Amino acid sequence: MRLALKSMVAAVAVTFAVANSAEALVIKTSDVHAMGYPTTDAMEFMGEWLNEKSNGEITMEIFHSMQLGGEKEALEQVQLGALEMTRVSVGVVGPIVDDFNAFNLPYVFRSIDHMRNVVDGEIGQELLAALDAGGLVGLGFMDAGARSFYNKQKAIREPADLAGLKIRVMQNPIFIEMMSEMGGNGIPIAFNELYTALQTGVVDGAENNPPSYSTQKHYEQAGFYSLTEHLIVPEIFVFSKKVWETLTPEQQELIREAAVLTTEKERELWEAMEQKAMEELVGLGVQVNDDVDKAAFIEATAPVREQFGAQYADLLGRIEAVE
Ligand code: BDP
């Protein structure tokens, strides 16, 4: 009697295990930022939400803090299906789906609200769908504010101040061209190699939003921050198409639903963090310069918008028309 019961329990356990393994989905995802950053915390929220709604069938494992290297490598892993998901800057997506480069042009967005209206609307949806050709399922966008220059030597007020400076840019030819037009020297380096590059003098500076500049402690090496706000590059989180195709329609739908909430969540977290980072930077003695001749930067970068923009003239016209 006891034995029979035991084997019955064992049989039930085996059945459960098999059922679980058929449906269980572990979403391994990556981010260059540490936990506590708006993007990583938004992903954590996504994982918890999915876990709850799927009754534990879907879980998420976050490889944060560049544990898996830079963003280019992460995207490759996702394309191969070795990683289910990743969150990257749109800056590195241009080389995969060309149209994304329209978002990577300097001063293409008039404001954060303008960028949000574009990515939340038809254009954003079209671009997410276009990722399919690159082996990716575009789940959604996240905010990353505006990027400004920081360097070891001086405040940047006008393009001429960049002359002779080696400035790290994200790995995309468009940013190297942008730097040349501004009169500086753009050096593409992966984010995970930037602190050392600043420390060893491979570059004199870089450009980023306040939360990245602050959390990466780049101010320790380059303490002059000038609010040029030359790029408003959104972030994106993408799923592996290879893995996506193995999911059930229910799982896909749940992930899509989670993605919408995740974008919203990240925006809330972003706004709070951006303000906090700026205050912290000032407290740490960073020389923040807001006396910037933006009109001069906009003018200096017109050739980049013309040269690269020619291929997406139609798209750029539509972006401009968005309120
Ligand atoms: C940060 C983005 C991150 C990029 C990084 C960079 O959040 O995705 O990798 O900039 O400059 O703002 O590479």
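Because only heavy atoms are used, hydrogens play no part in the values below, and waters and symmetry mates are left out as well, while side chains stay in. Keep in mind the model is a prediction, meaning the values are calculated, not measured. Indexing begins at 1, ligand by ligand and atom by atom, following the structure's order.
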*Asks:* Heavy atoms only, cut-off 4.0 Å: how does Ala144 contact ligand 1, side chain, backbone, both, or neither?
*Replies:* neither
*Asks:* Under 6.0 Å between ring centres: does that hold for His218 and Tyr225?
*Replies:*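 No: the rings miss the under 6.0 Å criterion.
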*Asks:* Which residue and atom name correspond to the protein heavy atom nearest atom 13 (O) of ligand 1, and how close is it?
*Replies:*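 Heavy-atom neighbour on the protein nearest atom 13 (O) of ligand 1: Arg168 NH2, 2.9 Å.
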*Asks:* Looking at atom 1 (C) of ligand 1, what's its closest protein heavy atom, distance included?
*Replies:*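 Going atom by atom, the protein heavy atom closest to atom 1 (C) of ligand 1 ends up being Ser212 OG, 3.3 Å.
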*Asks:* Please tabulate, one pair per line, all N/O donor-acceptor pairs under 3.5 Å involving side-chain atoms of residues 58-73, not counting sequence neighbours.
*Replies:*
{"unit_1": "Gln67", "atom_1": "NE2", "unit_2": "His64", "atom_2": "O", "d": "3.0"}
{"unit_1": "Glu71", "atom_1": "OE1", "unit_2": "Ser89", "atom_2": "N", "d": "3.1"}
{"unit_1": "Glu73", "atom_1": "OE1", "unit_2": "Gly70", "atom_2": "N", "d": "3.1"}

*Asks:* Does Asn209 approach ligand 1 within less than 4.0 angstrom via side chain, backbone, both or neither, non-hydrogen atoms only?
*Replies:*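 Contact part for Asn209 vs ligand 1: side chain (C-beta onward).
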*Asks:* Tell me which protein heavy atom sits closest to atom 12 (O) of ligand 1, plus the residue, atom name and distance to 0.1 Å.
*Replies:* Asn208 OD1, 2.7 Å
*Asks:* How far apart are the C-alpha atoms of Thr86 and Ser30, what are their side-chain angles, what is the distance that settles it, and do they pass the side chain to side chain donor-acceptor pair (under 3.5 Å) test?
*Replies:* CA-CA 5 Å; Thr86 189; Ser30 78; 2.8 Å; yes
*Asks:* Taking the six-membered ring of Phe224, is NZ or CZ of Lys154 closer than 6.0 Å to its centre and within 45° of its axis?
*Replies:* no
*Asks:* Considering residues at least two apart in sequence or located in another chain, which fulfil the side chain to side chain donor-acceptor pair (under 3.5 Å) criterion with Asp314?
*Replies:* none
*Asks:* Is it the side chain, the backbone, both or neither of His218 that has a heavy atom closer than 4.0 Å to ligand 1?
*Replies:*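 No part of His218 is near ligand 1 at this cut-off.
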*Asks:* Starting from atom 8 (O) of ligand 1, which protein heavy atom do you reach first, and at what distance in Å?
*Replies:*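 Scanning the protein heavy atoms, the shortest distance from atom 8 (O) of ligand 1 goes to Glu71 OE2, 2.5 Å.
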*Asks:* Rounded to the nearest 0.5 Å, how far apart are CD of Glu207 and CG of Leu231?
*Replies:*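 Interatomic distance, Glu207 CD to Leu231 CG, rounded to 0.5 Å: 5.5 Å.
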*Asks:* Would you confirm whether the ring centroid of His114 sits within less than 6.0 angstrom of the ring centroid of Phe109?
*Replies:*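 Between His114 and Phe109, which both carry aromatic rings, the centre distance is below 6.0 Å.
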*Asks:* So is Glu207 touching ligand 1 or not, going by heavy atoms under 4.0 Å?
*Replies:*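 The answer is no: ligand 1 sits nowhere under 4.0 Å from a heavy atom of Glu207.
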*Asks:* Using heavy atoms and a 4.0 Å limit, tell me yes or no: is His33 in contact with ligand 1?
*Replies:* yes
